[in-house]
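Whatever order the structure lists ligands and atoms in, that order sets their numbers, starting from 1. Fair warning: this is a prediction, and the values are worked out from it, not measured in the lab. Residue numbers start at 1 and run along the sequence shown.
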Amino acid sequence: MTGFDFAAWPPTLTEAQLEELSVYATTYALSHGLLYLPPAPSLPKVPTAAIHAPLALFPSPLPRKLFEQATRLQRIYNVLYSRVALDDEFLDQVMGVETGVGKVDDFIGQLWRGWKALRDEGIDQSLHLGIFRSDYLLHSPNGETPELKQVEFNTISSSFGPLSQRVSELHRYLLSTTGYFNTSPYLSLENLPPNQTISGVAAGLAAAHSAYSASTSNARILVVAQDNERNVFDQRWLEYELLNKHSIRMIRRTLTQLQKVAKVDSTTRKLFIDVPKDLEASGSIEISVIYFRAAYTPHDFPTPAYYATRFLLERSTAIKCPSLALQLAGGKKVQEVLTQAGVLERFLADGKKYHEVFSKEEIQELRDSFMAMWGLDVGDDLLTPDGQAIQAGKENFGVRKAREEAQVLVLKPQREGGGNNVYKQDIPAFLDTLPPQERQAWIAMQLIVTPADVGNYLIRAGSTTGSSDIQAPVRTNVISELGIFGWSIFGKEGGHSHVKEDTMGWLVRTKGTDSNEGGVATGFSVLDSLLLVD
Ligand code: ADP
Ligand code: MG
């Protein structure tokens with residue numbers, strides 16, 4: 001039983017205290033790189049201005065033992081998703097175009113086909129790098145003691161590591177400099193856990209760089225960024241860390257640029273990026289690791305040439321973060337299949353296949369972090385294959401159950417990056433129009449019920465009041481989502497998989513309760529940090 005009263009958070013501030021905290025917060029953010037590029041229809045090539053990232057003024061409460069649990073689970077999740085990515089047969093079945101989601105989801109189908117073609121040709125780089133973020137919410141229906149429940153597991157473009165470290169530092173600073181005006185006994189430094197995400201994520205990238213070739217000191221890490229990316233500082237902090245601590249250089253290119261400048265050597269399959277000779281005497285740069293902060297949504301592939309470029313990168317000996325296999329492993333469908341009987345055991349308890357197996361208790365703790373999920377196509381096999389014979393009232397089991405339980409559900413397709421899900425009251429009308437053959441692309445997930453009436457003061461740049469140039473923080477009822485970062489380098493040797501992994505820092509994103517979705521980049525959430533409570 002937690003003694004903490006979530007509904008009493010945050011402490012009430014006077015106007016003067018709020019204004020004081022706001023000035024401290026925004027100026028700290030502006031001076032410590034807790035930044036975004038300002039919104040613009042098209043970003044300038046050479047940026048000259050930035051705005052602070054959207055922020056919470058107070059850290060958000062989380063029971064200490066649930067934080068410890070999430071941190072403990074990360075090691076198993078790192079191993080689990082690495083092994084999923086190495087299991088071709090499983091991924092073909094779940095995500096492929098013959099029996100899997102790729103059959104009905106064009107984007108997934110494209111990625112899978114590209115991966116399959118490469119497997120048929122022969123893959124020259126057996127190592128994969130994952131930079132993961134496992135996201136959780138507190139589940140506390142009817143005010144019960146909160147439990148930790150997973151929202152999703154990200155295997156591509158897991159963002160906000162660096163900015164989340166900066167916001168943890170910001171809250172520590174606000175505490176040190178104002179004591180938060182002694183408004184809560186919980187606000188003490190030992191309740192604000194350290195967060196070393198910048199060094200952690202960079203260590204993962206650096207480990208892959210060394211694994212590529214310890215001797216090729218001139219190779220660089222390539223960040224594949226989105227066109228018009230505003231979250232550049234989050235990525236730049238990794239670049240600076242790699243340079244300062246590991247003497248590794250990074251370059252950034254978009255898929256649009258890479259179409260012209262990415263070359264794979266036909267014999268060595270090394271990846272080179274062409275650069276003008278006045279910038280780099282040799283005219284090209286060898287790439288050790290490809291870190292994708294793009295290529296996770298169909299919008300990143302406006303023409304077939306973009307897929308060709310993605311597959312060219314995959315074909316190279318550079319280590320991909322993630323590989324296509326690991327990107328597919330991060331699908332929502334995989335998350336649902338992992339909840340089915342015996343599937344966790346296949347990956348975590350098979351001593352014949354894996355050197356390291358996990359105990360029943362460890363597997364149970366992982367399973368306890370799942371919400372109920374099912375595929376909307378469950379029961380389709382009881383109907384005619386084309387789904388045409390389905391009559392009103394005779395829907396398959398998966399759809400019928402989703403309709404009946406709509407108020408406590410979210411439906412998710414195989415997409416990342418926010419804005420794709422269908423919630424509660426929107427579900428029945430959505431199901432009315434969903435063609436039967438597309439059901440396989442969707443999962444239903446029980447909604448996590450977060451503690452009621454928790455609040456925070458949220459500040460977004462640009463929310464100025466009248467002529468005042470001081471940000472007006474808004475006290476809002478909120479939901480806070482915890483993300484734990486992990487990395488993993490893995491591959492197969494002599495039929496046996498090997499995984500080297502680590503758990504690093506964490507992220508809190510906080511959103512108003514009026515929003516179903518949660519992305520910071522999509523404007524729903526603000527960056528936040530943790531207050532551990534007992
Ligand atoms: P995406 O890949 O688009 O980030 P998510 O699965 O993370 O998709 O869903 C987006 C947001 O929707 C989450 O950040 C969370 O706020 C909300 N959400 C997703 N699943 C659930 C759930 N089961 N219960 C409550 N909220 C959820
Ligand atoms: Mg998410």
Side-chain angles (χ1 to χ4, degrees), residues 54 56 60 77 81 101 105 107-108 131-141 146-161 164 231 292-300 322 327-336 338-339 368-374 376 402 405-427 441-452 454 456 458 476-485 506-528:
S60 284
Y77 272 121
Y81 274 86
V101 171
D105 183 310
F107 179 57
I108 300 296
I131 289 176
F132 302 135
R133 204 188 64 222
S134 185
D135 292 338
Y136 303 91
L137 289 170
L138 290 184
H139 185 46
S140 171
E147 293 174 63
L148 189 74
K149 294 292 179 184
Q150 188 182 50
V151 175
E152 65 160 344
F153 190 87
N154 300 286
T155 63
I156 184 163
S157 196
S158 307
S159 54
F160 296 116
S164 76
N231 189 21
F292 286 100
R293 293 290 294 257
Y296 53 83
T297 135
H299 303 298
D300 291 339
Q327 179 171 358
L328 290 169
K332 306 272 191 302
K333 185 67 190 178
V334 169
Q335 189 187 356
E336 180 259 311
L338 288 172
T339 69
D368 287 343
S369 70
F370 295 167
M371 290 305 278
M373 277 175 255
W374 66 90
L376 285 187
E405 299 176 17
Q407 285 310 319
V408 294
L409 291 184
V410 48
L411 305 184
K412 302 186 183 184
Q414 307 305 306
R415 291 289 175 274
E416 305 298 326
N420 304 296
N421 301 338
V422 181
Y423 295 84
K424 301 195 237 192
Q425 64 275 7
D426 298 337
I427 290 177
W442 289 80
I443 63 158
M445 179 179 189
Q446 200 190 340
L447 281 169
I448 303 167
V449 182
T450 52
V454 199
N456 210 322
L458 314 185
T476 317
N477 272 5
V478 297
I479 292 172
S480 294
E481 187 165 331
L482 171 70
I484 305 284
F485 286 94
W506 44 270
L507 159 75
V508 180
R509 285 170 302 168
T510 288
K511 64 175 184 179
T513 43
D514 48 356
S515 159
N516 282 321
E517 288 283 340
V520 178
T522 43
F524 298 110
S525 295
V526 305
L527 296 172
D528 192 357

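Closest approach of I427 and A402 over heavy atoms only: CG2-O, 4.0 Å. Here the closest heavy-atom approach between residue P413 and residue N420 is recorded as CD-O, 3.4 Å.
Taking only nitrogen or oxygen atoms, main chain and side chain alike, G419 does not reach within less than 3.5 Å of ligand 1. Of the N or O atoms in I448, one or more lie within a sub-3.5 Å distance of an N or O in ligand 1. Some N or O of K511 is nearer than 3.5 Å to an N or O of ligand 1, by distance alone. In terms of polar-atom proximity, E416 is counted as a contact of ligand 1, with an N or O under 3.5 Å from an N or O of the ligand.
Taking 4.5 Å as the limit, every side-chain heavy atom of W506 sits out of range of all side-chain heavy atoms of S164. Within the 4.5 Å cutoff, no side-chain heavy atoms of F107 are placed close to those of D300. Side-chain contact between E152 and E416 is present, with heavy atoms from C-beta onward closer than 4.5 Å. Side-chain contact between K333 and I108 is absent, with no heavy-atom pair separated by less than 4.5 Å. Here the side chains of K332 and V101 are not in contact, with every heavy-atom distance at 4.5 Å or above. Residues R415 and D105 are in side-chain contact: their nearest non-hydrogen atoms beyond the backbone lie under 4.5 Å apart. A 4.5 Å side-chain heavy-atom check between K149 and L137 finds every atom pair outside the cut-off. Between V151 and K412 there is a side-chain heavy-atom pair separated by less than 4.5 Å.
Here is the list of ligand 1 atoms found below 4.0 Å of a heavy atom in K332: 1 (P), 2 (O), 6 (O), 8 (O). Interface atoms of ligand 1 facing L137, defined by a heavy-atom separation under 4.0 Å, are 25 (C), 26 (N). The atoms of ligand 1 that sit less than 4.0 Å from any heavy atom of V410 are 20 (N), 21 (C), 22 (C), 23 (N). In summary, the atoms of ligand 1 found under 4.0 Å from a heavy atom of V151, numbered by their order in the structure, are 6 (O), 7 (O), 13 (C), 19 (C), 20 (N). Atoms of ligand 1 found under 4.0 Å from any heavy atom of G417 (numbered from 1 in listed order, with element): 1 (P), 2 (O), 3 (O). Listed by number with element, the atoms of ligand 1 under 4.0 Å from a non-hydrogen atom of M445 are 23 (N). Close approach of ligand 1 to R415 (heavy-atom distance below 4.0 Å) involves ligand atoms 2 (O).
Looking at T476, its side chain never comes within 3.5 Å of a backbone N or O of V478 through a donor-acceptor pair.
For the residues Q150, K412, H139, the heavy atom positioned nearest atom 20 (N) of ligand 1 is part of K412.
Under the side chain to side chain contact (heavy atoms under 4.5 Å, CB included) criterion, S134 pairs with Q74, Y77, Y136, Q150, F153, sequence neighbours left out.
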What verdict does the side chain to side chain contact (heavy atoms under 4.5 Å, CB included) test give for D135 and R133, after you've listed the backbone C-alpha separation in whole Å, the side-chain angles of each residue and the deciding distance to 0.1 Å?
CA-CA 6 Å; D135 292 338; R133 204 188 64 222; 2.8 Å; yes

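Listed by chain and number, E152 OE2 are the protein N/O/S atoms closer than 2.8 Å to the Mg ion (ligand 2), with waters left out.
Of the N and O atoms on the side chains of T510 and N456, not one donor lies less than 3.5 Å from an acceptor on the other residue.
Contact annotation for I479 and ligand 1: no heavy atom of the residue comes within less than 4.0 Å of the ligand. Contacts between Y423 and ligand 1 below 4.0 angstrom, taking non-hydrogen atoms only, involve the side chain exclusively.
Distances shorter than 4.0 angstrom occur between a heavy atom of E481 and an atom of ligand 1. Residue contact annotation: K149 has no non-hydrogen atom under 4.0 Å from ligand 1. The closest approach between D135 and ligand 1 stays at or above 4.0 Å for every heavy atom of the residue.
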